[in-house]
Amino acid sequence: MKNKIIKIALVGQPNVGKSMLINSLSNAKLKVGNFSGVTVTKEEVFLEYKNYTIQIIDLPGAYSLNNYTLEEKVTKEFLDNSSYDIILNVLDSTNLQRNLLLTSELLALDKKMIIALNMWDEAQKESISIDEIQLSKILGKPCIKTSAAKKIGITKLLDEIISKYESEKLPSKLFFSDVIEEEIEKICELLKDCNYKTKDSFRQIAIKLLKEDKTIYKLFHDEPIWIKLQSLLNESFNHLYIHFETKNIEDIFNDEKFAFAKGAFFETVKQKNIDKKTLTERFDDILIHKFFGLPIFLFLMWGLFQLTFEIGNIPMDLIDAFFANIINNTKEILGENQLSSIIGDGIIAGVGSVILFLPNIVILFFGIALLETTGYMSRVAFLLDGFFHKFGLHGKSFIPLVTGFGCSVPAYMAARTLKNEKDRLLTLFIIGFMSCGARLPIYVLFVGAFFSEQNAGNILFLIYISGAILGLFAAKILKIIVFKSEDEPFVMEMPKYRVPSFKLIWHTVSNQAMMYLKKAATYILAASLLIWFASNYPKHLEIEEIYNQKIELAINEEEKIKLQNELSLYNLENSYLGYIGKFTEPLFSPLGFDWKMSVALETGLAAKEIVVSTLSILYGLGENSDESSNSLIEKIKNNIPFASAISFIVFVMIYLPCLAASMVFVKEAGSWKYLVYLFIFTTSTAWILSFIAYNITKLVMS
């Protein structure tokens with residue numbers, strides 16, 4: 001029975017020991033021939049191993065897959081157009097960063113591949129330590145330490161060749177910077193929408209198109225899809241030109257190669273006795289120092305969030321006042337009727353609730369873009385990666401999570417920097433544990449009612465920190481139960497520090513702002529109308545008539561307000577929203593909630609700020625009471641038991657974010673099913689922990 005043939009394309013830069021490795025693998029002389037049409041020689045060897053015939057084709061040494069030299073042209077031509085089973089990429093372990101430049105180009109081919117970390121014995125002499133397991137995870141390809149001279153790792157390499165041949169090809173883990181990935185995704189979507197037939201992956205085609213590969217352009221030029229593709233590519237190139245401040249595509253991708261190689265090297269290689277340091281390395285010694293790095297970052301983020309929510313409050317107040325004025329004017333013009341209510345309280349209020357968050361988003365993304373364009377954010381991801389991996393998270397998860405303390409909407413949007421789907425979904429699922437600013441009024445109300453002024457600040461801090469800790473443990477549980485997989489690290493790109501480009505920052509911030517408005521506005525508008533309808537219908541005209549007559553006959557203003565509040569309470573209790581509250585009361589009664597608290601939680605699904613005004617209406621005080629209202633605080637204190645209040649705070653801390661955030665979550669997660677999973681996960685977690693908090697508090701109080 002004839003052996004199966006495994007065809008290996010042996011690729012590496014010059015002087016990495018490819019020929020010596022072949023001799024160590026085969027113990028045979030090389031068979032030398034010429035590549036068709038050129039004078040460059042090819043070297044082949046055949047060897048028998050475990051019922052397989054392994055054919056190794058030693059391609060000319062090439063620093064890259066460009067067409068600058070004949071060797072590069074021949075190697076690229078063979079890899080693009082010839083038939084082979086596996087790429088065996090040989091690297092010099094003593095010069096790994098430079099060798100990884102070629103590896104990054106080979107990864108883009110999306111073929112089965114094995115990495116041989118050759119000259120390992122020499123690397124050890126130079127006190128170089130390589131974490132080949134971590135490097136394997138980063139590249140998505142097995143990395144084997146070898147020494148052709150001393151025949152180290154040869155058997156392991158042969159076994160890996162057999163294993164790789166017999167197994168399915170895994171997707172490549174080559175990721176570019178966010179802006180290039182965005183354009184790759186757009187091209188892939190177009191190819192998918194047009195049902196384009198190809199033997200290559202859409203991603204592979206997209207990368208070649210963006211690299212201006214002549215062969216792929218010739219292929220597409222006569223295809224019907226070319227008309228659509230051409231206009232999309234023009235937009236993509238303009239986007240890249242703005243971001244990279246150059247129109248030289250080769251320079252752009254060379255920078256990407258260097259960033260990838262440096263990042264992979266930085267994460268996996270340690271070398272003692274390095275004397276000379278660049279300016280970038282000197283900065284890194286301070287900014288990603290194991291002791292000082294984190295405090296420096298926390299200080300910078302503290303400053304950014306102070307700016308975001310201090311400066312952001314100024315336009316937010318103006319926007320709020322502006323829309324309140326429009327609503328009042330609308331009601332004055334149209335009168336107090338259903339039309340003015342649906343336009344004012346529904347449509348205008350809905351649009352206003354979206355635009356209200358825009359200043360925070362603009363300021364926050366301006367700050368993040370500023371830190372990103374300097375090259376600092378890449379360092380932060382590296383700095384926090386180890387700590388977050390203990391909880392199943394990625395270092396890049398930190399920014400969305402911290403952003404979640406301000407508002408969940410930009411936090412969900414910030415999670416798109418995570419390219420791995422499981423890492424991104426895991427981060428999206430726990431952002432809600434970080435208490436957003438909209439929950440603060442609820443906390444202030446309940447803390448003010450049940451705790452002394454001296455302890456109020458400490459209790460608030462405890463609430464916020466408890467939510468963050470719960471989020472980390474929730475991530476660990478989700479990683480073990482739902483998102484089961486090994487940690488899949490990304491390359492932490494380490495570009496040089498640069499002076500920030502304000503043209504690039506403007507482009508990034510304006511894009512994020514427009515994306516936010518487009519994604520959120522439509523859904524919020526529809527949801528606001530739904531909440532308005534549920535809280536205003538069905539109408540009880542006879543009851544309203546009776547109350548209106550009583551209000552007209554009222555002796556003083558105080559009695560009028562009391563009657564109006566009673567009418568509001570009756571209408572809400574007997575609205576569709578009230579019916580839902582009464583229906584769901586049995587679900588919440590084990591937590592110590594009555595139907596009024598249940599309704600408040602349910603309206604909070606639209607916006608957490610509504611919880612306070614709902615409680616105000618339900619306890620007969622009108623809509624104008626806020627979290628600092630003494631009368632509302634007294635009512636809460638007198639009508640809600642302490643154990644129920646603690647339980648309520650815990651539930652608010654964990655359950656589903658507001659409707660605006662939920663809609664953005666759907667967009668970022670990619671499917672409505674994830675919102676269902678998020679609802680089940682957060683609600684069940686909130687219910688269980690509230691139940692525990694309620695019973696423990698009752699036990700302690702008794």
Side-chain angles (χ1 to χ4, degrees), residues 7-9 11 64-66 75-89 100-115 136-142 164-226 228-230 232-233 235-237 239-240 249 252-253 256-257 260 264 416 418-424 485 488-491 670-671:
K7 197 170 183 179
I8 305 289
V11 187
S64 68
L65 298 182
N66 296 316
T75 299
K76 184 177 186 299
E77 179 71 23
F78 182 90
L79 292 172
D80 283 343
N81 302 314
S82 299
S83 172
Y84 54 92
D85 299 304
I86 298 168
I87 296 173
L88 178 54
N89 180 207
L100 282 168
L101 297 173
L102 176 61
T103 304
S104 68
E105 292 188 84
L106 295 174
L107 288 172
L109 297 174
D110 201 22
K111 305 285 186 182
K112 285 186 178 182
M113 191 161 108
I114 298 169
I115 312 292
S136 297
K137 289 179 179 180
I138 288 169
L139 302 176
K141 309 294 180 187
K164 179 63 70 174
Y165 179 76
E166 291 176 345
S167 61
E168 292 290 321
K169 184 184 75 64
L170 298 173
S172 173
K173 287 191 181 177
L174 176 65
F175 292 101
F176 298 96
S177 57
D178 291 346
V179 61
I180 293 179
E181 285 294 332
E182 189 181 325
E183 300 311 321
I184 289 171
E185 191 176 337
K186 286 178 185 175
I187 296 168
C188 290
E189 281 180 10
L190 176 63
L191 295 171
K192 185 181 177 182
D193 291 343
C194 294
N195 198 24
Y196 183 74
K197 304 295 182 186
T198 174
K199 62 175 184 177
D200 297 321
S201 69
F202 289 159
R203 180 178 175 82
Q204 194 178 343
I205 291 171
I207 293 169
K208 286 184 177 181
L209 286 167
L210 290 176
K211 283 186 172 182
E212 296 183 328
D213 184 282
K214 290 180 182 178
T215 306
I216 203 80
Y217 272 77
K218 285 178 184 176
L219 177 69
F220 272 103
H221 194 266
D222 296 327
E223 296 275 348
I225 195 176
W226 177 245
K228 296 177 184 176
L229 199 55
Q230 196 172 21
L232 180 60
L233 284 170
E235 289 177 18
S236 295
F237 285 127
H239 190 190
L240 297 184
I249 290 295
I252 290 171
F253 277 95
E256 292 287 310
K257 277 197 303 181
F260 178 86
R416 66 180 57 152
L418 292 151
K419 298 302 175 188
N420 180 286
E421 186 183 8
K422 287 188 176 179
D423 283 337
R424 189 176 69 254
S485 66
E488 297 186 359
F490 292 99
V491 173
S671 173

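All values below were derived from every heavy atom in this structure, side-chain atoms included, with hydrogens, water molecules and symmetry-related copies excluded.
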N195 vs K197 side-chain heavy atoms within contact, under 4.5 Å = yes
Checklist entry - Does D213 come within less than 4.0 Å of K218, counting only side-chain N to carboxylate O? => result no
Original post:
Under a 4.5 Å cut-off applied to non-hydrogen side-chain atoms, are K111 and I86 in contact?
Top reply: no
Side chain to side chain donor-acceptor pair (under 3.5 Å) filter on K228, not counting sequence neighbours, yields none
Is there side-chain contact between F253 and I180, with heavy atoms separated by less than 4.5 Å? yes
Please output the side-chain donor-acceptor pairs of residues 204-211 that fall under 3.5 Å, not counting sequence neighbours, one pair per line with the distance.
residue, atom, partner, partner atom, Å
Q204, NE2, L109, O, 3.2

Could you give me the CA-CA distance, side-chain angles and deciding distance for S64 and K257, then say whether side chain to side chain contact (heavy atoms under 4.5 Å, CB included) is met?
CA-CA 10 Å; S64 68; K257 277 197 303 181; 3.9 Å; yes
Give the intermediate values and the outcome of salt bridge (charged side-chain N to carboxylate O under 4.0 Å, His left out) for residues K169 and D110. CA-CA 9 Å; K169 184 184 75 64; D110 201 22; 3.1 Å; yes
Contacts of D222 meeting side chain to side chain donor-acceptor pair (under 3.5 Å) (sequence neighbours excluded), chain-then-number -> none
| query | Mind checking whether K141 and L107 have side chains closer than 4.5 Å, heavy atoms only? | reply | yes
The reported gap from CG in L191 to NZ in K186 (rounded to nearest 0.5 angstrom) is 14.5 Å
Go through the steps to decide whether F202 and E189 satisfy the test side chain to side chain contact (heavy atoms under 4.5 Å, CB included), and finish with yes or no. CA-CA 9 Å; F202 289 159; E189 281 180 10; over 6 Å; no
Donor-acceptor contact present, side-chain E181 to main-chain F176, <3.5 Å = yes
E183 and L240 have their tightest heavy-atom pair at CG-CD2, 4.2 Å
The reported gap from CD1 in I249 to CD in E212 (rounded to nearest 0.5 angstrom) is 5.0 Å
Evaluate the ring planes of F78 and Y84, with Trp represented by its six-membered ring, and classify them as parallel (under 30°), tilted (30 to 60°) or perpendicular (over 60°).
parallel
Worksheet item: So, do I114 and I87 sit near enough that their side-chain heavy atoms are less than 4.5 Å apart?
Response: no
In terms of heavy-atom contacts, K164 and K112 come closest through O-NZ, 3.0 Å
Given the rule in the side chain to side chain contact (heavy atoms under 4.5 Å, CB included) test, do L229 and Y196 qualify, once you have shown the distances and angles that lead to the verdict?
CA-CA 11 Å; L229 199 55; Y196 183 74; over 6 Å; no
* To do: Spell out, as yes or no, whether a donor-acceptor pair under 3.5 Å connects the side chain of S104 to the backbone of L101.
  => yes
Practice prompt. Compare all side-chain heavy atoms of L65 with those of L106 and state whether any distance is below 4.5 angstrom.
Written response: yes
Any side-chain heavy atom of H239 sitting closer than 4.5 Å to one from E182? yes
So do Q230 and F220 actually touch side chain to side chain, heavy atoms under 4.5 Å?
no
Review point. Passes side chain to side chain contact (heavy atoms under 4.5 Å, CB included), M113 versus T103? Steps please.
Key: CA-CA 10 Å; M113 191 161 108; T103 304; 3.9 Å; yes
> Donor-acceptor pair, N89 side chain versus V11 backbone, under 3.5 Å?
Replying inline: yes
